[in-house]
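Keep in mind it's a predicted model, so treat the numbers as computed, not measured. Protein chains get the first letters and strands the later ones, always in sequence-line order, with residue 1 at the start of each.
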Number of protein chains: 2
Amino acid sequence: MKLSKETIKNLLAEKGLRITPQRMNILEAIYTLNNHPTAENIIEFIHEMHPNIATGTVYKVLETFVENKLIKKVKTDRDFMRYDGLLEKHHHLYCSESDTIKDYVDDELDNILKDYFRKNHLSGFQIEDVTLQIRGTFDK
Amino acid sequence: MKLSKETIKNLLAEKGLRITPQRMNILEAIYTLNNHPTAENIIEFIHEMHPNIATGTVYKVLETFVENKLIKKVKTDRDFMRYDGLLEKHHHLYCSESDTIKDYVDDELDNILKDYFRKNHLSGFQIEDVTLQIRGTFDK
DNA sequence: GTATGTGCAAACTTTTTGCACTTCG
DNA sequence: CGAAGTGCAAAAAGTTTGCACATAC
């Protein structure tokens, strides 16, 4: 999921965010790394080409991106944050034996869930979004 | 979901864990607090009656409980861990406006999911468990 | 030019660790 | 008694913050 500089610029511009080299690099890193990187993964990746980008900046930029819905935080039960650049609706496969998280996209599943929650209204709760955590192991 | 001292002892004994006052207090706290407490919530609760229990001990005991499947870690996109004492299969309602997480139990939903994954085999992945993250807002 | 973003280093928060001491069984 | 658990305080790990400087528009 490698994006061109132009596409990345447009993504930022659409959200009314200033286009800075740091933001472009960080967004590019997330799309290139693409397997739900941690802040550290992103920093490491960027430092190979741009060693002068600051840790604090990366965290600030990531927060900005989350607020502007360019990326999402991924829920985990580990003590560090992971980020997700896939904007399309999707679910996650969590590996029990490693830190791998893979995306799972399927319209049929989404329709089944939509149907279920249309029929079974949760009283006192307005649903915004439903995603599955599918825990298991990848075949060796 | 308040449990008797006897029940708590049995839970520990069944897992072959030594019964200590600290472990009993921590397990009791989780069941009493019951809304997916953080380590801090648990420490605070326990300190009211037993001010001499150490923070490090609480973390060590929580890890032991997770390893022995007495409790589970709850996946969140926040930077602190939350714990769940409900052993029955269930899903989670995450509030977008607060840190509230509520349980959602429904057999019909579980059957629908079981059906779906029986029909749609994920190649290269052995499913152990599927849980829903239902994000939204509670009515005021 | 000015509002916004960045670098840096210090601080903060949450969790982990090592080791002497204590306790459960 | 011996293995396992606890307290404590120090440190690690991850993230946030404040402020002077730099840059996008």
For this session: Step through the shown structure and confirm whether more than 12 heavy atoms of other residues, nucleotides or ligands are within 6.0 Å of CD on B:Glu128.
Result: yes

For this session: Using a cut-off of 6.0 Å, state whether more than 12 heavy atoms not belonging to B:Lys89 lie near its atom NZ.
Result: yes

For this session: Taking only Lys NZ, Arg NE, NH1 and NH2, and the carboxylate oxygens of Asp or Glu, determine whether A:Asp84 and A:Lys72 approach each other closer than 4.0 Å.
Result: no

For this session: Considering only NZ, NE, NH1 and NH2 on the basic side and carboxylate oxygens on the acidic side, decide whether B:Glu63 and B:Lys73 come within less than 4.0 Å.
Result: yes

Whole angstrom is fine here: how far is it from [atom1] in [X] over to [atom2] in [N]?
X	N	atom1	atom2	answer
B:Asn25	D:dG5	CG	P	16 Å
A:Arg18	C:dG1	CZ	P	15 Å
A:Met24	D:dT23	CE	P	17 Å
B:His50	D:dT6	NE2	C1'	15 Å
B:Ile46	D:dT6	CD1	C1'	13 Å
B:Leu12	D:dG5	CG	P	11 Å

For this session: Consider only side-chain N and O atoms of A:Asn52 and A:His47, and report whether a donor and an acceptor are under 3.5 Å apart.
Result: no

For this session: Determine whether the side chains of B:Asp106 and B:His90 contain a donor N or O and an acceptor N or O closer than 3.5 Å.
Result: no

For this session: If a protein heavy atom is under 4.0 Å from the base, mark B; if only from the sugar-phosphate, S; if neither, -; do that for nucleotides 6-17 of chain C going 5' to 3'.
Result: SBB-----SBBB

